[in-house]
Number of protein chains: 2
Amino acid sequence: MARAQAERQATAVWEGSLLEGSGQVTADTTGVFKDQGITWKARTEAANGKTSPEELVAAAHASCYAMAFSHALAQAGNPADQLEVTATVGFHPKAGGGGFEITYSNLDVRGRVPGLDQAAFEQAAREGEQGCPVSNALRNNVQINLNATLESA
Amino acid sequence: MARAQAERQATAVWEGSLLEGSGQVTADTTGVFKDQGITWKARTEAANGKTSPEELVAAAHASCYAMAFSHALAQAGNPADQLEVTATVGFHPKAGGGGFEITYSNLDVRGRVPGLDQAAFEQAAREGEQGCPVSNALRNNVQINLNATLESA
């Protein structure tokens, strides 16, 4: 692992003002989504099928944390049968006015892991969160809340 | 705008260890992508069509910054004909060992904006970056580099 490294790229196009304009976003590296429509209204009110920076942050955080938690478990000798991570990201006007902010990312984790009890599962969940690169990219700027539930195998 | 707020959600599933396991990520709120395969190898080496947390952060940052920059321009009385923002996100082993980190997000912006010169375009680009919620979510954890180029209309 020591030498692995990567760059990943995406592009957004926008026309017009924030409130009346619109745009599209494309995952350049892989093309897993292309020219997906984005608007301010869909970002801050009902999504109506339009993705947003916050949904994309949620997807980044959920996928990153699933990997980080799997690593914490495997390193402790208890690889996961399955982990399921849902990230919920909040976007709100700043309390003092003057723009918006990403306020929180809530990680809800359910897992099936042979040989662990709920306490050990929660402990590994917290260790995984500390090592998660997306958590560390958001740390101190976005509130990260972690809720881990061990399911019976 | 003052009362608008939103929550957005995504889910990742993972089976097995970090190095030998694999998973899928889904944009729950909109379904713009579903069950997209993810692996550690595809995250850190050639992507081979598999998205990753870093590509998703790049898409979040590009789309958020395009909106924030459009707002800075429109507020100054010069709404953009078009902005195109590419975000390139780096993922590397930590210098001291012990895991990986998201090292940088480079924003490359090209724009067509009537009534502005390159200096004013760059100034608005910097102001937009300061107001960008995804930039502010990454601030001080991830190096953000901004390169803005005004194209002739």
Side-chain angles (χ1 to χ4, degrees), chain A residues 2 4-18 21 23 25 27 29-30 32-33 36 38 44 47 49 51 53-60 62-64 66-67 70-71 74 79 82-93 99-102 131 133-134 137-138 141-142, chain B residues 2 4-18 21 23 25 27 29-30 32-33 36 38 44 47 49 51 53-60 62-64 66-67 70-71 74 79 82-93 99-102 131 133-134 137-138 141-142:
Chain A
Q5 52 186 329
E7 273 193 341
R8 296 294 181 260
Q9 208 166 69
T11 294
V13 175
W14 190 268
E15 297 183 351
S17 69
L18 177 63
V25 59
T29 299
T30 66
V32 296
F33 52 90
Q36 286 292 329
I38 49 174
T44 54
T51 195
E54 287 64 52
E55 187 179 44
L56 296 163
V57 168
S63 55
C64 190
M67 291 189 192
S70 80
H71 195 48
Q82 188 180 67
L83 302 173
E84 185 176 324
V85 180
T86 296
T88 306
V89 170
F91 187 58
H92 294 92
F100 277 65
E101 60 186 346
I102 297 178
V134 170
L138 302 174
N141 298 322
V142 174
Chain B
Q5 53 186 327
E7 273 193 343
R8 296 294 181 261
Q9 208 166 68
T11 294
V13 176
W14 190 267
E15 298 183 352
S17 67
L18 177 62
V25 59
T29 299
T30 66
V32 297
F33 53 92
Q36 286 292 329
I38 49 174
T44 54
T51 194
E54 286 64 51
E55 187 179 44
L56 295 164
V57 167
S63 55
C64 189
M67 291 189 192
S70 79
H71 195 47
Q82 188 180 67
L83 301 173
E84 183 176 324
V85 180
T86 297
T88 305
V89 170
F91 187 58
H92 293 92
F100 277 66
E101 62 186 346
I102 297 178
V134 170
L138 302 174
N141 297 322
V142 174

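All chains are named by letter (A, B, ...) in the order of the sequence lines, taking the proteins before the strands, and each is independently numbered beginning at 1.
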Contact winner vs chain B - A:Gln82, A:Glu55, A:Glu7, heavy-atom pairs under 4.5 Å
A:Glu55
With respect to chain B, which residue among A:Glu101, A:Glu54, A:Glu15 yields the maximal number of heavy-atom pairs within a distance under 4.5 Å?
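Of the options given, most contacts go to A:Glu15.
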Judged by atom type as modelled, is there a donor-acceptor pair below 3.5 Å linking the side chain of B:Glu84 to the main-chain atoms of A:Trp14?
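Here the side-chain-to-backbone pair does not exist.
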Starting from the C-alpha separation in whole Å, work towards a yes-or-no answer on side chain to side chain donor-acceptor pair (under 3.5 Å) for A:Thr30 and B:Thr51.
CA-CA 6 Å; A:Thr30 66; B:Thr51 194; 4.5 Å; no
Out of [options], return the one with the most heavy atom pairs under 4.5 angstrom to chain A.
| options | answer |
| --- | --- |
| B:Pro79, B:Ala62, B:Ala60 | B:Ala60 |
| B:Ala66, B:Gly23, B:Ala59 | B:Ala59 |
| B:Val57, B:Val142, B:Thr29 | B:Thr29 |
| B:Gly131, B:Ala47, B:Ala74, B:Gly21 | B:Ala47 |
| B:Gly90, B:Ala87, B:Ala27 | B:Ala87 |

What closest approach, in Å, do [X] and [Y] show between heavy atoms, and which atom pair accounts for it?
| X | Y | result |
| --- | --- | --- |
| B:Met67 | B:Ser70 | O-OG, 2.7 Å |
| A:Pro133 | B:Phe100 | CG-O, 3.6 Å |
| A:Leu56 | B:Phe33 | CD2-CE2, 4.0 Å |

Which answer fits [X], side chain, backbone, both or neither, if we ask what part of it has an atom under 4.5 Å from a heavy atom of chain B?
| X | value |
| --- | --- |
| A:Val25 | side chain |
| A:Ala12 | both |
| A:Gln36 | side chain |

Which atoms of B:Val85 are under 4.5 Å from chain A, going by heavy atoms: the side chain, the backbone, both sets, or neither?
both
Evaluate the side-chain contact (heavy atoms from CB on, under 4.5 Å) criterion for residues B:Val13 and A:Leu83: first the C-alpha distance (whole Å), next the side-chain angles of each, then the deciding distance (0.1 Å), finally the verdict.
CA-CA 6 Å; B:Val13 176; A:Leu83 302 173; over 6 Å; no
Before giving the answer on side-chain contact (heavy atoms from CB on, under 4.5 Å), spell out for A:Thr44 and B:Gln5 the whole-Å C-alpha distance, their side-chain angles and the decisive distance to 0.1 Å.
CA-CA 5 Å; A:Thr44 54; B:Gln5 53 186 327; over 6 Å; no
Decide yes or no on side-chain contact (heavy atoms from CB on, under 4.5 Å) for A:Val89 and A:Ile102, but give the supporting numbers first.
CA-CA 7 Å; A:Val89 170; A:Ile102 297 178; 3.7 Å; yes
